[in-house]
Number of protein chains: 2
Amino acid sequence: MDSLNQIGQQGKEAAVFLNNLESKNKNLVLQKMIDNLKKNTSKIIEVNNKDIEQAKSAGKTSAIIDRLLLTEDRIANMIESIETIIDLKDPIGNVDKMWQTDDNLLIGKKRVPIGVIGIIYEARPNVTVEAATLCFKAGNAVILRGGKDAFHSNKLLVSLMQEALASCGVPKHAIQYIEDVSHETAVKLMTLNEYLDLLIPRGGANLIQTVVKNATVPVIETGTGNCHLYIDKEADHAKAVEILINGKCQRPSVCNALETLIIHQDVAKVLLPVIEKRLAEFNVEIRADENAGQYLKNWIPATDEDYATEFLDYILAIKTVNSLEEALKHIQTYSSKHSEVIVSENYSATQAFLQQVDAAAVYANASTRFTDGSMFGFGGEIGISTQKLHARGPMGLEELTSIKYIIYGDGQIRN
Amino acid sequence: MDSLNQIGQQGKEAAVFLNNLESKNKNLVLQKMIDNLKKNTSKIIEVNNKDIEQAKSAGKTSAIIDRLLLTEDRIANMIESIETIIDLKDPIGNVDKMWQTDDNLLIGKKRVPIGVIGIIYEARPNVTVEAATLCFKAGNAVILRGGKDAFHSNKLLVSLMQEALASCGVPKHAIQYIEDVSHETAVKLMTLNEYLDLLIPRGGANLIQTVVKNATVPVIETGTGNCHLYIDKEADHAKAVEILINGKCQRPSVCNALETLIIHQDVAKVLLPVIEKRLAEFNVEIRADENAGQYLKNWIPATDEDYATEFLDYILAIKTVNSLEEALKHIQTYSSKHSEVIVSENYSATQAFLQQVDAAAVYANASTRFTDGSMFGFGGEIGISTQKLHARGPMGLEELTSIKYIIYGDGQIRN
């Protein structure tokens, strides 16, 4: 088993190679990975069973076991995601702009890989393949550190990808997996400044906060979504209800799901009973303010804590307001700056909302569930950044790149 | 004196205001700042004298005292830099791209301010004005923490800027100064995640490393420049010599100065004696390998440590190589990825160098001293980033912005 420094060094060397690898050759490697996954589907399922058995006997929850499980369908999805990545235009080498300075220097801003990217994630073997192939297409070496429950699955998946690399003459260390599952090693990875250019945590709030607190390498925070829907007094009622139900009930466990409904007083009386009825179909628990409560049957009073919580569950907080300004103020106070939406037919209200709300994705009249690399047309994503540096919102291929300035001179010196 | 949390809260509130401040109004504030600096020039010099006296009686070095000193000329330079910032096009509000998705969502990628930016710097009062005005033009609230030797100067400069803000109806907390000079407060600022969106250290390597190690807020590393000049066998000799002398001797204390000359064996015999003679005019100490030593008179042997050192002084390391590949390898090993240059008339050699060297700025046939926001045409800079995330190389106005996605829908929900 390689030491972490050795893994870092190997990653750095692979990154130098990847920096000069042509796009068509990256696609050949990705195609080879698909072949390997196809050929080994039954073996993957077999090895995954071992992880599943261990997790079951360790008494893991059914949610964890479900995330851990690989089926033929799920492996087919992995393969499909690699096919999508092959089709994506490689951003590396693009010169975003080029200009001539007063000194007649010709300066170009050129896209380059970031270098070596670390990914810390939980026991989800599909992340292993998704993250590694996206990073690879953008020319980055990747060091993976997955949850220990997925150990055997991850190890096999990585070895299949490494085989594909090697068979195309690419250093297999372009994709590496940290086999040491200790907490100490994870913390050491977070401070591997000599080798890591970026560390991305993918998982729950605990994991992300641990990384943010301990890391000295640059980190991109992903994930937390306390998302609001504001139903304006001039909202289209049908659109409002559908966007709410889609945001809250389609998949409540994800970060772009809705957590709080802010509703204008003028439409509360008409809309809340309709909304309650539709929410009841999904057994959504309602935590509302007194004002909203007048028009509801089953509800409990909402606390400030509720408004601040990302439930990730069939629970909805409701807040009534008397104006757009009050809605904006509530969002400013409680938003995690992930995704926010206004439903309104009023031009100025929507424009003001889009301008003033500070979040990665601000919507007028569409579900927050669209905050996703695939839905945005990026062809995939490595996560959804909730910080403002480098990348904000869904992170696709371009967000996995950096730039460098190339400067063509003819002997210029500075005065 | 406000507590750090209070300062953070005030900064956050000011940032909400700045997010909606029109560009022409920002320029009015900046003009007012110029007026205030002009009107109070003699007062600034008087207060600065107090800092100078204290620094002298505390036995500070003449270098520190020189950095601390404000003269009429230096204040005029500050004013000039604000004039330049007024002329810069405000990047805020630009929609870099906009597209329609398969679901007919219209998605725009819009430039927004980062929010609240902290700057930790040393006792250089000119940084106080430069950093604050650049951050302000990009719509950010700024929290400054300067070196304690410049305390009185900084306090006055900030109050003059705050007066300008207030007289234009802008919250004065858009620019704040931390008066508590304790180390504990500095460390607390580095972990003020609730309020700070970004922290930029400006200063020496010690300061930067302290920030990188202690910060849990996002940081942009600036500064370290171990820069190389490679003289190829097909170099134009005159260009090579001038670019070397400019890079090493014009201002050796800055990060874009040269530290190591890598020279191709084939031209060492002809060029090194010429180079030694020119370097002697500046009393540059030479630390060379044995190969180079054959053609030199006064030199000492270079160690690995020398090749890894940013001298920031009249010292030059020299390394001879037999090929471009060997030069690239040396750079890859020792470069701090700031600025690197090849001097060559050979097309393929320059193209390979520009492609393969991993640095913020890679030059063919021009001095590394051009790595600077003004020289690049950015109209100023907040620093030179040596990391790959968010910003790389000189950071101008655009690098002080973030983005958000604005999404126009008409009732779309996700399947």
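Numbered from 1 within each chain, the chains take letters A, B, ... in sequence-line order.
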remark   = Turns out that what part of Q100(A) lies under 4.5 Å from chain B's heavy atoms comes down to neither
remark   = Pair count under 4.5 Å, heavy atoms only, with chain B: among I245(A), I243(A), V343(A), highest is I243(A)
Partner chain B: residue of R251(A), H390(A), Q412(A) with the largest heavy-atom pair count (under 4.5 Å) = H390(A)
inquiry  = Using only atom types and a distance under 3.5 Å, with no angle test, would you say the side chain of E242(A) pairs donor to acceptor with the backbone of I413(B)?
reply    = no
inquiry  = Please find the pair of heavy atoms, one from K388(A) and one from G115(B), that lie closest to each other, and give the distance.
reply    = NZ-CA, 4.1 Å
ask   = Any donor-acceptor pair under 3.5 Å linking the side chain of R369(A) with the backbone of R414(B)?
value = no
message = What's the separation between atom CD in Q356(B) and atom CG in N20(A), rounded to the nearest 0.5 Å?
response = 4.5 Å
query = Does the Q250(B) side chain pair with the main chain of N415(A), one donor and one acceptor, at a distance under 3.5 Å?
reply = yes
query = With respect to chain A, which residue among G247(B), A15(B), G377(B), A360(B) yields the maximal number of heavy-atom pairs within a distance under 4.5 Å?
reply = A360(B)
key: Which atoms of D103(B) approach chain A - backbone, side chain, both or neither, heavy atom under 4.5 Å   = side chain
request  = Identify which part of N104(B) has an atom lying under 4.5 Å from any heavy atom of chain A, answering side chain, backbone, both or neither.
outcome  = neither
request  = Pick one of side chain, backbone, both or neither for V16(A), based on which atoms fall under 4.5 Å of a heavy atom in chain B.
outcome  = side chain
request  = Using non-hydrogen atoms and a 4.5 Å limit, figure out which bit of A238(B) sits close to chain A: side chain, backbone, both or neither.
outcome  = neither
ask   = Where does I403(A) contact chain B at under 4.5 Å (heavy atoms): side chain, backbone, both or neither?
value = both
query = Tell me, side chain or backbone of N246(B) under 4.5 Å from chain A's heavy atoms, or both, or neither?
reply = side chain
note = Applying a strict 4.5 Å limit to non-hydrogen atoms, the region of A215(A) in contact with chain B is backbone
message = Distance check, rounded to the nearest 0.5 Å: K12(A) atom NZ versus D358(B) atom CG?
response = 9.0 Å
task = Working to the nearest 0.5 Å, report the span between CD1 of I107(A) and CZ of F370(B).
result = 9.0 Å
query = Nearest 0.5 Å, what's the CD1-CG distance between I407(A) and L354(B)?
reply = 8.5 Å
query = Is it the backbone or the side chain of E221(B) that comes under 4.5 Å from a heavy atom of chain A, or both, or neither?
reply = neither
note = Minimal heavy-atom distance between G409(B) and A366(A), with the atoms involved, is CA-CB, 4.1 Å
inquiry  = Using a 3.5 Å distance criterion without hydrogens, assess whether the side chain of K404(B) forms a donor-acceptor pair with backbone atoms of Q355(A).
reply    = yes
inquiry  = At a 4.5 Å cut-off on heavy atoms, which part of K239(B) comes close to chain A: side chain, backbone, both, or neither?
reply    = side chain
ask   = Going by the angle between their ring planes, with limits at 30° and 60°, are W99(A) and F378(B) parallel, tilted or perpendicular?
value = tilted
message = With a 4.5 angstrom heavy-atom cut-off, is it the side chain or the backbone of Q351(B) that approaches chain A, or both, or neither?
response = side chain
message = Looking at chain B, which one of I220(A), D102(A), L198(A) has the largest number of heavy-atom pairs inside 4.5 Å, strictly under?
response = L198(A)
key: Heavy-atom check, side chain of Y408(B) versus side chain of T350(A), under 4.5 Å   = no
request  = Let me know if A359(A) has heavy atoms under 4.5 Å from chain B in its side chain, its backbone, both or neither.
outcome  = backbone
key: Structural part of N193(B) lying under 4.5 Å from a heavy atom of chain A   = side chain
query = Between I114(B), V217(B), T401(B), V112(B), which residue shows the highest count of heavy-atom pairs closer than 4.5 Å to chain A?
reply = I114(B)
remark   = Scanning both residues in full, the closest heavy-atom pair of Y405(A) with R392(B) reads CE1-O, 3.3 Å
key: Under 4.5 Å from any heavy atom of chain A - which part of E345(B)   = neither
